[in-house]
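Chain letters run A, B, ... following the sequence lines, proteins first and then strands; every chain starts at 1.
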Amino acid sequence: MKKIKKILQKGIHLLYGVEIDKIEFQATRKDFEGDITIVVFSFLKTIKGNPVEIGNNLGSYLVENVDEVVNFNVVKGFLNLVFSDTYFLTNFSEIYTSENFGFVSTTGDNKSVMVEYSSPNTNKPLHLGHIRNNLLGYSVAEIIKASGKKVYKTQIINDRGIHICKSMLAWQRYGNNETPENTGLKGDKLVGNYYVRFDQEYKKEILNLIANGYTEDEAKKQAPILLEAQQMLIKWEAGDSEVVKLWKNMNQWVYDGFEQTYKNLGVDFDKNYYESETYLLGKDVVANGLESGIFFKKEDSSVWIDLTDEGLDEKIVLRSDGTAVYMTQDIGTAIQRIKDYTDVGGLVYTVGNEQDYHFKVLFLILKKLGYNWAENLYHLSYGMVDLPSGKMKSREGTVVDADDLLIDMTNTAREISEELGKLEGYTDGEKESLYKTIGLGALKYHILKVDPKKRILFDPAASIDFNGNTGPFIQYTYARIQSILRKADFDYSATINDISLHPKEKSVLKQLALFPEIIQLAASNFSPAIIANYTYDLVKEYNSFYQSVPILGCENLQEKIFRTQLSRQVSEVIKSAFQLLGIDVPERM
RNA sequence: GGUGGCAUAGCUCAGCUGGAUAGAGCACCUGCCUUCUAAGCAGGCGGUCCUAGGUUCGAAUCCUAGUGCCAUCACCA
């Protein structure tokens, strides 16, 4: 492409005596003949004349002077160039023989990136919203890795605060010493139940107080159970051994439960941070910033930062009683991370778009504190997952539970597979693992294919599709290719360079060649959706090719070899692309 | 009210830094399993790209204003 650009510039100079440094190439649209299109319109400012005539002149010049260009045509102001089959075949053999096609290996020059995702509260189980968060964060981490940077995956566990005390208190009052062991419940589910229980009791007490003449606002503040929870938080901060013991116990239950869900979901972390361990550092930093004048203190001794010059408000960073707020601990956590990993030059936060403002402020504060890495902070902000009934609310029980959803998806995959009945010879264990691969593939693809910043409407009643633009469709194509490769019991390692290409082969080839730039594009946009949509297009092209021409049944050996190689390469790219999305591919289905 | 995001086919979504007649899937209707896996392929139906202006040879895409939905503007996290 660079070569053509150079020659074209030379040609323009020769024919018209002017210099043009910006020349744009684009893939030729399907309905026209050609491979690459140059838009002649954009030259009209420097070259006066009829665009069609200019196109014809430049086209002839290129055909004469560039070996790879064998033909051209001009439609209106569009110059379509036709490339030789040799060019495509050479291109393919480079792709076919390259190791990890499309992936850029990590080099020492690039600063590492830390990607934060998941970051749950430890008072309730994970739900569909967390699933989107986890899938996005995990996938973006994989994509950045593939684009050539070292990546650390991390989460911040929100293990302190009033919400934790609520579950603790309800368990103390109504728990009868229930444990995950003696109930058989997952730890996060057990704790979540008591969080809901707290809310029920709290609401009862409010109604009671209102009946006794309190206003609603008063009742909400004066309910005994809430006061008791607040007492508990104070005791926790003071290090009360009884409370801390209970806290550790119940948090551990939750961690064990999360562990299982993460494992089922197929995500992992290199390092966990706990809010209870970083908020103190945040407080120190605020104290220093107060001395250097970045923050200021109000009469009630709360500490603030003034961001009105940046078009934002004043924002609190420390309460009047000296305790930390959300912002305080986030400042501390960020700094702690760079301390722990000195090679990290930037942080990515996977957090819902309801916190856009928070992160804008956080990034500004860190910049004002003078950290050079503060230039490389990115809030991977994504839209909420809403149900037809509206927002999901844990306290009201209107959530789609993560574990339940994973089981549902596996069940659906099982039903469909059994109906199709293509798995003779598979053991029960192999089947179950396949159902999980397919079910999870459907769910993950369904969520990842949409642009992160858009909100998703999830209807549990209308089940996720397994046909069309879906994970299983792509997995199916992969499995089909594997089946061909299993049957290809001949040597297809030779390099093919002198056959004439079928249009369908050419389309597949063009789509394949895009993979490296797609990875870079997805990385710079932090968007798994770009990978998903690319893969879908590739698979569509391949299936069309598959149905139009024979592969193993091909009579010409050269063509047979080439088509087998092409199929294999497509399956490799599917596998790589799905790896970036955290989706497995099956050998059969 | 201030700020930010979103708005494309009945539904779910693509459409890259402006380019040709706006594309897929689902749903609905036709065809295709005697050949490498039909979770597939080929075709049909379906559009005021929210509205109105502007910039440009050219706008779904950029700018301005408006409308609608969502989020946010807490000594909650």
Indicate whether the side chain of A/Ser276 and that of A/Asp159 have a donor and an acceptor atom separated by less than 3.5 Å.
yes
Suppose you measure atom [atom1] in [N] against the same atom in [M]; what distance do you get, rounded to whole Å?
N     : M     : atom1 : result
B/C63 : B/G18 : P     : 11 Å
B/C33 : B/A42 : P     : 16 Å
B/G23 : B/U48 : P     : 15 Å
B/C16 : B/A38 : C1'   : 34 Å
B/G46 : B/A27 : C1'   : 11 Å
B/A71 : B/G54 : C1'   : 30 Å
B/U61 : B/U56 : P     : 16 Å
B/G58 : B/G40 : P     : 43 Å

Does A/Arg319 put a side-chain nitrogen or oxygen below 4.0 Å from OP1 or OP2 of B/C76?
yes
Of the options A/Trp247, A/Tyr255, A/Tyr279, which is the one that meets A/Tyr274 in a ring pair (Phe, Tyr, Trp, His ring centres under 6.0 Å)?
A/Tyr255
In Watson-Crick or G-U wobble terms, both distances under 3.5 Å, what is the partner of [N]?
N     : answer
B/U56 : none
B/C50 : B/G66
B/C26 : B/G10
B/U3  : B/A71

Using a 4.0 Å heavy-atom cut-off across all strands, classify [X] as base, sugar-phosphate, or nothing.
X        : answer
A/Asn121 : sugar-phosphate
A/Tyr357 : sugar-phosphate
A/Met589 : base
A/Ile438 : base
A/Ser302 : base
A/Ser567 : nothing
A/Glu275 : sugar-phosphate
A/Ala529 : nothing

In whole Å, what is the span from the [atom1] atom of [X] to the [atom2] atom of [N]?
X        : N     : atom1 : atom2 : result
A/His379 : B/U72 : NE2   : C1'   : 12 Å
A/Leu380 : B/G5  : CG    : C1'   : 14 Å
A/Tyr279 : B/A77 : OH    : C1'   : 15 Å
A/Ile447 : B/A14 : CD1   : P     : 14 Å
A/Gln475 : B/G40 : CD    : P     : 12 Å
A/Phe473 : B/A38 : CZ    : C1'   : 12 Å
A/Glu419 : B/A38 : CD    : C1'   : 13 Å
A/Asp537 : B/G25 : CG    : C1'   : 12 Å

Considering all heavy atoms, the nearest A/Phe363-A/His379 contact
CE1-N, 3.7 Å
Sorted by first residue and then second, give each side-chain hydrogen bond (donor to acceptor under 3.5 Å, both in side chains) pair with at least one member in [range]; sequence neighbours left out.
range                       : value
residues 548-572 of chain A : A/Tyr96-A/Arg568, A/Gln482-A/Ser571, A/Glu505-A/Arg563, A/Tyr542-A/Ser567
residues 521-537 of chain A : none
residues 319-334 of chain A : A/Thr278-A/Thr333, A/Arg319-A/Thr323, A/Asp321-A/Thr323, A/Tyr326-A/Gln355, A/Gln329-A/Thr333, A/Asp330-A/His358

Report the glycosidic orientation of B/C33: syn if within 90° of 0, anti in every other case.
syn
Flag if over 12 foreign heavy atoms under 6.0 Å of [atom1], [X]:
X        : atom1 : result
A/Lys220 : NZ    : no
A/Glu432 : CD    : yes
A/Glu216 : CD    : no
A/Lys431 : NZ    : yes

Base contacts versus sugar-phosphate-only contacts with protein, heavy atoms under 4.0 Å: please encode nucleotides 15-24 of chain B as B, S and - from 5' to 3'.
----BBS-SS
Check side chain to side chain contact (heavy atoms under 4.5 Å, CB included) between A/Glu24 and all other residues, then give those that pass, not counting sequence neighbours.
A/Lys22
Enumerate the protein-to-nucleotides 32-36 of chain B contacts in which both atoms are nitrogen or oxygen and the separation is below 3.5 Å.
unit_1 : atom_1 : unit_2   : atom_2 : d
B/C36  : O3'    : A/Lys487 : NZ     : 3.0
B/C36  : O2     : A/Leu552 : N      : 2.9
B/C36  : N3     : A/Ile551 : N      : 3.1
B/C36  : N4     : A/Tyr546 : O      : 2.8
B/C36  : N4     : A/Val549 : O      : 2.8

Per A/Val450 side chain, nearest of listed nucleotides B/C13, B/A38, B/U72:
B/C13
Could you walk me through whether A/Ile518 and A/Ile530 pass side chain to side chain contact (heavy atoms under 4.5 Å, CB included), step by step?
CA-CA 7 Å; A/Ile518 290 292; A/Ile530 291 174; 3.9 Å; yes
5'-most contact on RNA chain B (nearest-nucleotide basis), A/Tyr326 vs A/Lys453, goes to A/Lys453
